[in-house]
Amino acid sequence: MTTDYRIEFSASAGGSIPTDAAARLRSALAAMPGAAGVSDAEQDRRRRRVRATFWIQVRLGMADAARDGSRLAKEALKVAGMGEAQLTELSVRMEPRPADLDGAGPAA
């Protein structure tokens, strides 16, 4: 049985971030293999930060969700053109996945 996990992360860049950073991050996560949907992406250009929320499904539990969620967040930052950004926060929560997310397949 797989379980849905809500992953929320924020990252900080050393330099400026693109004006469309949130849209790029949302698109990267929506297309990322392993991500089961994206619910949110935001940016703060003045503080050079981005934040996003997405879901993943794992079989074995919280530790796997944290490992896989961190890996997907870092990869999405690279794909979005912010590969130098550092994760500053990662939250993992077991939570049912809404059915109307960007990039989501059918809810389990």
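Remember, it's a predicted structure, so these values are computed and weren't measured experimentally.
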Practice prompt. Evaluate the criterion side-chain contact (heavy atoms from CB on, under 4.5 Å) for residue pair Arg49 and Ile17; output intermediate values, then yes/no.
Written response: CA-CA 8 Å; Arg49 291 184 175 210; Ile17 62 172; over 6 Å; no
Discussion item. For a quick test of reading the model, state the closest non-hydrogen atom pair linking Arg24 to Pro18 and the distance between them.
Written reply: NH1-CG, 3.5 Å
Worksheet item: Is the side chain of Arg97 donor-acceptor paired with the backbone N or O of Ala36 at a distance under 3.5 Å, no angle test?
Response: yes
Fill in: Worked check of side-chain contact (heavy atoms from CB on, under 4.5 Å) between Phe54 and Leu25
CA-CA 11 Å; Phe54 66 99; Leu25 189 55; over 6 Å; no
Worksheet item: Taking all atoms of both residues into account, what is the closest heavy-atom pair of Trp55 and Glu95, and its distance?
Response: NE1-O, 3.4 Å
Let me have the donor-acceptor pairs involving side chains of residues 72-80, under 3.5 Å, with sequence neighbours excluded, atom names and distances please.
none

Worksheet entry | Contact summary for Leu29 and Ala35, nearest pair of heavy atoms | O-CB, 3.4 Å
Discussion item. I'd like to know if the side chain of Arg48 and the backbone of Ala13 have a donor-acceptor N/O pair within less than 3.5 Å.
Written reply: yes
Worksheet item: For the atom pair OG (Ser16) and CZ (Arg46), what is the distance rounded to the nearest 0.5 Å?
Response: 14.5 Å
Worksheet entry | Under 3.5 Å: donor-acceptor pair, side chain of Gln43, backbone of Ala21 | yes
Discussion item. Looking at every non-hydrogen atom in both residues, tell me the closest pair between Ala66 and Leu90 and how far apart they are.
Written reply: O-CD2, 3.8 Å
Worksheet item: Are the side chain of Ser10 and the backbone of Thr88 linked by a donor-acceptor contact shorter than 3.5 Å?
Response: no
Response to the item:
Ile56 and Asp68 have their tightest heavy-atom pair at CD1-CB, 4.0 Å
Discussion item. For Ala23, is there any backbone N or O sitting under 3.5 Å from a side-chain donor or acceptor partner on Ser27?
Written reply: yes
Worksheet item: Charged N to carboxylate O below 4.0 Å: is that the case for Arg51 and Asp40?
Response: yes
Worksheet entry | pair Arg59-Asp64: side-chain heavy atoms closer than 4.5 Å | no
